[in-house]
Amino acid sequence: MQINTKPLYNIFSTAYENKEFDESDLAAASAKAIGTEHVKVFINEDDYFGVIPEAMRKMEQPLADASTIAFFLACKGAKKYVDVCYSGEGADELFCGYHAYVRRLVNLQNPDYPNAPVETYYIGNTKLMNEDDKKKLLKKYQGDLTPLELARSMYDFDETTDDVTKMMLCDLNCWFEGDIMLNAEKMSKAAGIEARTPFLDSRLYDVACHIPSEYKVSLEESKIVFRKAAANMIPDEVAFRKKLGFAVPARTWMREEKYFNIIKSYFESDNAKKFFNEDFLKEMLSDEFLDGMNNWRKTWAVYVFLVWYKEYFG
């Protein structure tokens, strides 16, 4: 009798030449520790930019999250091996994996920091542009209803609810629902993969929501209880590594001449002129603007919208 020693599962991860964004070696170490096979899905610039129109068409709405494209390509790579996979959506929201939670605790310790109530400013990654940026960018600016006002109903908690819990629940209702889960559902389906999300199991969700926030995040670390649980199975250098997130080299690639010119062509298109002020579009492509903290994401948001608009309206 021949025994099949092939691993029952594969672990898939994206891989890049740019090591600043590549965590595939850590994924390989985790796969080895739990006895599964690791598959790297290599992504280069041409792969990435080449699939953006298809991704936006399958997404059906513009989604300005650069990891969307990488997730789509990862699902395409996984489809060569499997029809069903597990995906980790929900872990950061339920177990407080975002840096913003740590920053809030650190700021609360600083008597000189202007600590406004969290419900007066926090809407997480959902807030990409401030109102001044929107006024400069949009030909028809309508500021009657701001993102913060839309999120205000999510802060209807009693006075005993701590700040981290408020932020976590806001992220679950805004960022998670409108970006993370939308991305997972649409892109996996587009690639022909059935993606299951075990962290959203109702039993695990119930447990996570009853864990006090001090067991999830501290002044030094996020996702505390989750990391300690993971350390029982994977190497410490993986379990306790500083969070990188699903980072992709989009902000680096978009500065390369070939891909910069692709973005520029969309910014100079007739479609762009329908919605956006040309002077600010030019500013958004300047080195001075792109060198600003997270400004590349604003440029990316406009680019992705224009790709989506062209796919649907020509």
Side-chain angles (χ1 to χ4, degrees), residues 1-43 67-68 70-99 101 168 176 180-181 183-185 187-189 191-211 215-218 220-248:
M1 179 179 176
Q2 185 176 6
I3 299 176
N4 185 3
T5 58
K6 184 179 180 181
L8 291 176
Y9 303 102
N10 293 316
I11 287 180
F12 300 94
S13 68
T14 54
Y16 311 98
E17 288 185 3
N18 189 326
K19 293 302 179 183
E20 178 186 353
F21 300 90
D22 189 299
E23 292 187 298
S24 59
D25 289 344
L26 295 172
S30 297
K32 183 178 179 181
I34 61 178
T36 65
E37 184 176 329
H38 176 237
V39 179
K40 290 184 181 183
V41 180
F42 283 95
I43 299 176
S67 69
T68 296
F71 186 79
F72 187 30
L73 289 167
C75 288
K76 282 175 171 281
K79 176 61 179 175
K80 298 174 183 178
Y81 299 83
V82 297
D83 294 317
V84 180
C85 69
Y86 290 121
S87 193
E89 282 73 25
D92 281 324
E93 289 77 16
L94 291 174
F95 294 96
C96 295
Y98 294 127
H99 299 307
Y101 307 143
M168 180 196 79
F176 180 74
I180 303 297
M181 201 59 217
N183 172 23
E185 290 180 351
M187 294 296 91
S188 59
K189 182 179 179 181
I193 287 276
E194 181 184 341
R196 297 176 181 175
T197 49
F199 289 112
L200 301 183
D201 183 285
S202 60
R203 294 162 296 182
L204 182 58
Y205 178 89
D206 186 59
V207 169
C209 288
H210 283 85
I211 297 174
Y215 292 106
K216 297 179 182 179
V217 62
S218 69
E220 297 83 26
E221 190 176 30
S222 64
K223 237 175 181 175
I224 299 171
V225 69
F226 185 91
R227 292 175 186 273
K228 289 184 176 180
N232 291 318
M233 299 185 66
I234 62 176
D236 284 357
E237 62 266 26
V238 180
F240 298 105
R241 174 180 168 81
K242 183 179 178 180
K243 177 179 171 59
L244 177 62
F246 194 178
V248 297

Distance-minimising heavy-atom pair for [X] and [Y]:
X	Y	answer
Ile193	Val82	CD1-O, 3.3 Å
Tyr16	Ala70	OH-CB, 3.5 Å
Phe240	Ala231	CE1-CB, 3.7 Å
His38	Ala31	CB-CB, 3.7 Å
Cys75	Ser188	SG-CA, 3.8 Å

message: Can you list everything that forms a ring-ring contact (aromatic ring centres under 6.0 Å, His included) with Phe12? Sequence neighbours excluded, please.
response: Tyr81
[atom1] of [X] to [atom2] of [Y]: how many Å apart, nearest 0.5 Å?
X	Y	atom1	atom2	result
Met168	Cys96	CE	SG	6.0 Å
Phe72	Asn183	CZ	CG	10.5 Å
Cys85	Lys79	SG	NZ	10.5 Å
Met187	Lys76	CE	NZ	9.5 Å
Asp22	Ile43	CG	CD1	10.0 Å
Leu204	Phe95	CG	CZ	4.5 Å

message: Between Met181 and Leu200, is there a side-chain heavy-atom distance shorter than 4.5 Å?
response: yes
task: Answer yes or no: is there a side-chain heavy-atom contact under 4.5 Å between Lys32 and Pro235?
output: no
- prompt: What's the verdict on side-chain contact (heavy atoms from CB on, under 4.5 Å) for Glu23 and Ser13, showing C-alpha distance, side-chain angles and the deciding distance?
  reply: CA-CA 8 Å; Glu23 292 187 298; Ser13 68; over 6 Å; no
- request: Describe, in one word, how the ring planes of Phe199 and Phe226 are oriented to each other, choosing from parallel (under 30°), tilted (30 to 60°) and perpendicular (over 60°).
  value: tilted
message: Working note: Val248 + Phe21, criterion side-chain contact (heavy atoms from CB on, under 4.5 Å); need CA distance, chi angles, decisive distance, verdict.
response: CA-CA 6 Å; Val248 297; Phe21 300 90; 5.7 Å; no
query: So, the side chain of Lys216 versus the backbone of Leu94: is there a donor-acceptor pair under 3.5 Å, distance only?
result: yes
query: Okay, side chain of Arg227, backbone of Arg241: is any donor-acceptor separation there less than 3.5 Å?
result: yes
- request: Look at atom OH of Tyr215 and say whether more than 12 heavy atoms of other residues, nucleotides or ligands are closer to it than 6.0 Å.
  value: no
- prompt: If you draw a 6.0 Å radius around CD in Glu17, do more than 12 non-hydrogen atoms from other residues or ligands fall strictly inside?
  reply: no
query: Can Asp25 and Lys40 be said to form a side-chain contact (heavy atoms from CB on, under 4.5 Å), step by step?
result: CA-CA 9 Å; Asp25 289 344; Lys40 290 184 181 183; 3.2 Å; yes
message: Between Glu194 and Arg196 (salt bridge meaning N to carboxylate O under 4.0 Å), is one present in this structure?
response: yes
